[in-house]
Amino acid sequence: MFYNYLKITLRNLRKHPAYTFINIAGLAIGVACCLLIMLFVIYELSYDRWNTRADRIVRPVVEIKFGGAHMHLAVVGSVVGPDMQRDFPEVQANCRFRQYGSYLVKRDGNGQQNIREDNVATVDSSFFEVFPVDLLEGDPRSCLTQPNSMVISKSRAEKYFGSPQLAMGSTLVLENEERWQVTGVFEDIPENTHFNINMLLAMNGNREVQNDSPLWASSNNFLTYLLLRPGTDRADFESKFAAYSRKKVNETAQRIFGQDISQVESTGQYVRYFLQPLSSIHLYSDRIAEFQANGSIQHVWIFSAIALFVLLIACINFMNLTTARSAHRSREIGVRKVLGSPRSSLIRQFLGESLILSGMAVGLAVIIAALAMPWFADLTNRPIHMPWSNPLFWISIAGGIGMVGLLAGIYPAFFLSAFEPIKTLKGEQGKQAGGGRLRSALVVFQFSTAIALIIATGLVYKQLNFIQQKKLGFHKEQVLILEDAYALGDATQAFKNEVQKLPAVESATYSAYLPVPSSRSDQTYSKIRDFREDQSVNMQNWRVDKDYLKTIGLELKEGRFFDPEKFVSDSTAIVLNETAARLFGFGEKAVGGKVYSHIGQVEGQSRPEDFIELTVIGVVKDFHFNSLRDNIGALSMHLGRSTGLMSIRYQATDTKQLIADLEDRWKKTAPGQPFRYSFMDESFAQVYATEQRIGKIAGIFGLLAVLVSCLGLFGLATYTAERRTKEIGIRRVLGATTAGIVGLLSKDFLKLVVLALLVATPLAWYFMNNWLENFAYRTEIQWWVFAIAGVLAIVIAFLTVSFQSIKTALTNPVDSLRSE
Amino acid sequence: MIKTTNLSKVYRTEEVETTALNEVDLEIKEGEFVSVMGPSGCGKSTLLNVLGMIDSPSGGDYHFMGEEVGRLSERKRSNVRKHNLGFVFQSFNLIDELTVYENVELPMLYTKVPAAERKQRVEELLEGMNIMHRRNHFPQQLSGGQQQRVAVARAIVNRPKLILADEPTGNLDSANGDEVMKILSQLNSEGTTILMVTHSQYCAEFGNRIIRMLDGQVVTENLVKQYL
């Protein structure tokens, strides 16, 4: 019997190629989208799961609302880890990471080239106890115990020394002067890890740790991981931690402000600690000073929903087309029933057919997905591959065929098998192509989804455009950023002089602090020579040189910027942004105002002589130094050496020539150092890479959703036209015009699309309003975005339907009547 | 074989109630060839469908081979149908996607006849109907007469006790019609009971009893003088 069903199915598919194409292509597109997105979602969910101790590792993090700043930090003080291990028997080990940005690294010996390494961290010797990373060479217990010992990944060992064995005992030179001995080589850390580290430096000997305050929450620079003993009750440990961390914060408040934490909290300010499970960091944590930009559970949800919807749209096509063309099958159903086929056997037959179609579609989808994979991996910024060799993949594919087959086939199977044999044989059933109302509802669902995706795309791009057009308070165009400028060593000033002599260069400045992703440093300043919670302002403190204002294109609101002529007095001068001036309460006249900065570590009640007085010499207009997701915070600038980056404002005449000139000067001044540069506007755009990705994905899948929906609509229109052939013939005989017939046939479908627009509009508005709330600065949701999406959908739907309608309307009326 | 008492069938639409069968009492014995005649809309096809168990009666009793079948569930009816009945339709009702061979084979798939026997029976029948050379053709590649011969072959392949034929010659020219009638007579002479609806007096006389219907009722019954 199965063979009989298979034959019928294949012959039916061959006999109606348009129907077959619409069904298989539609389903294949849907399944391919779904497959790609599922692979992405699985990859996102796999982060840190390889870690066999993942369920026992937690990370303390802190939320600080103080001095006008509100920060969610991934880092805590250096004392947090050791304190926890000392006071909690549940903590088996703790491991701290301190990152100091990138390093210039080279092999020891003459004539070696420096290579920039980004993924370097200073870690405790307990690293290999906490993280189950395989050590290929060296002893996990001792390899990081000695000062200036380092452990590197296998790939770095191969890059610098040729092999892990050759690396052992060798020396690498960091930053041109520090010599570190390789005491271990570890297997590369899997890519699906929330940290991507290639070089581990021993914490032993780190001066920052030695000098750090014993108080919690006074400085926060260390990513800290706690390994809990097996069997620890997580909830119990968390509540103990909450009480313990509050006690520690209270100690800090009492020591620094002489106040209880509850008094500080009564002013709405607070410091709160939390524990994050290791496996939730990648998707749930988006804090300051993360190792790298994490993923987002929101994106996982958005992607999954899109995948599901595109798949549903494709399945709906199948249902709609199958039930719509039931007239073609009704006689077969009748005959089979008369010959004694029970209903169950017909249900099996139609489900079998949809499984066969689903199998073909899924097969095609796997091919489409494989072809689109490189592009998709790029779009999602994840190293995703087709898991050809994974048996689970093939099991899922088989499961997918079953699921899609059932999802798409179950309704038609029950619908068709319920036909009464007597009616089908008389030709009464199937003519009306029953299930019309359900089919309409499904079309509305399809188009609602498609339109909502188009609206979402429109609004994402509107926001991106808003970001591009927004007055940022600085000029990001025509600024070139030279990286690793510290490699110039003593020649920094000479190099700057050389650069400024180039004809295309307008000005140049050294500072690692830029209003695009770069260094950040914040500190709590006081309005008086004492720390009182109501007199403190937490603000960015950026070291800049005298050319910063001009090069970055900031606008002065009041006073002046730093002046080389007044170098001595300017060494205690400070320039604020408007927000900082406001938080200090300077009103309209900030110039001449005094702010106080604490010297050294804050370890207890401060004395007046612990503070130095800084004089405000100018106020710059607020500029967006962080992303537009955040409000502009307080910021201060003072004269200081910060040679991480050199920014160069240039005239856009011949950028290539400029870069060549710069490289030439660089190589002469700093031979053997890597020459790397970027453009400020590109760095700026990168901040919104996530949004751009979301926009692209919503756009592409939205278009696919429209395409698949239209395929379905085309199919439906075809069958409607076929069914109404006689009616149209009669109308033509009675004098109907072509336009009238086209209108008649298109009207019903367009009604559905308009209805879909009404459904999609509030939904899209709701979700996009939520999304836009991620941004402190956001575009308005305007009615015309919805109008454009609606018009687009209606036009596309009309073109789809009218192709068929016009064809039918132009048929000679005699032909249509004869065919009855 | 068939005995009905007060058999009725009423069709209801929203406003109209149509009585297609009005308390029909009928008895058909094994081995009979009964022709049903009457004007369009008199209920003859309805009678055939109800007796063929592809439509259920609204009232009355219907005994088939001593068993009340009028109120059986669809599942049970279909079971009785596939083992005992064969159908021949005016419009042939062959499945377009199946070849001649496969169409004839189909009923045996439902009665789970083993493959080897299926092959043998289909070939025998196709030989007998003289369409063996067309076995791999699809219905639309055949003439009307050939299609009806295939339909008859399909109707008898399970060796049913009763064949229900609804205007089997209605779509055929007279030569092909004759051919089909001869086959039916032959089957009857071999012991198969036949109930046939027809408009044609000529065809009706191939049977041994003619029932005339009007407005859902049996009005007369005549015995036919045997020609063959």
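In what follows, every chain begins at residue 1, and chains take the letters A, B, ... in the order their sequences are listed.
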Which answer fits [X], side chain, backbone, both or neither, if we ask what part of it has an atom under 4.5 Å from a heavy atom of chain A?
X	value
B:Arg154	side chain
B:Ile95	side chain
B:Leu94	backbone
B:Phe87	side chain
B:Asn79	neither
B:Ser56	neither

Which of the residues B:Asp55, B:Leu98, B:Asn158 is involved in the greatest number of heavy-atom pairs with chain A at under 4.5 angstrom?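 Of B:Asp55, B:Leu98, B:Asn158, B:Leu98 has the most heavy-atom pairs under 4.5 Å with chain A.
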
Could you tell me which portion of A:Arg336 (side chain, backbone, both or neither) has an atom closer than 4.5 angstrom to a non-hydrogen atom of chain B?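 Both parts, backbone and side chain.
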
What part of A:Val338 lies closer than 4.5 angstrom to a heavy atom of chain B: side chain, backbone, both or neither?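 The answer is both parts of A:Val338.
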
Atom pair [atom1]/[atom2] of [X] and [Y] - distance to nearest 0.5 Å:
X	Y	atom1	atom2	answer
A:Lys337	B:Met53	NZ	CE	16.0 Å
B:Glu102	A:Asn4	CD	CG	7.0 Å
A:Ser341	B:Lys82	OG	NZ	7.5 Å
A:Leu339	B:Leu106	CG	CG	5.5 Å
B:Leu109	A:Tyr5	CG	OH	8.5 Å

Short N-O contact, A:Arg329 and B:Glu97, less than 4.0 angstrom: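 Not counted as a salt bridge, because no side-chain N and carboxylate O are separated by less than 4.0 Å.
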
Ion pair A:Arg343/B:Glu74, N-O distance below 4.0 Å: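 No, A:Arg343 and B:Glu74 are not salt-bridged.
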
Residue [X] excluded, over 12 heavy atoms near [atom1] under 6.0 Å:
X	atom1	result
B:Asp25	CG	yes
B:Tyr11	OH	yes
A:Lys7	NZ	yes
B:Lys76	NZ	no

Is the side chain of A:Arg331 donor-acceptor paired with the backbone N or O of B:Asp96 at a distance under 3.5 Å, no angle test?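 Here the side-chain-to-backbone pair does not exist.
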
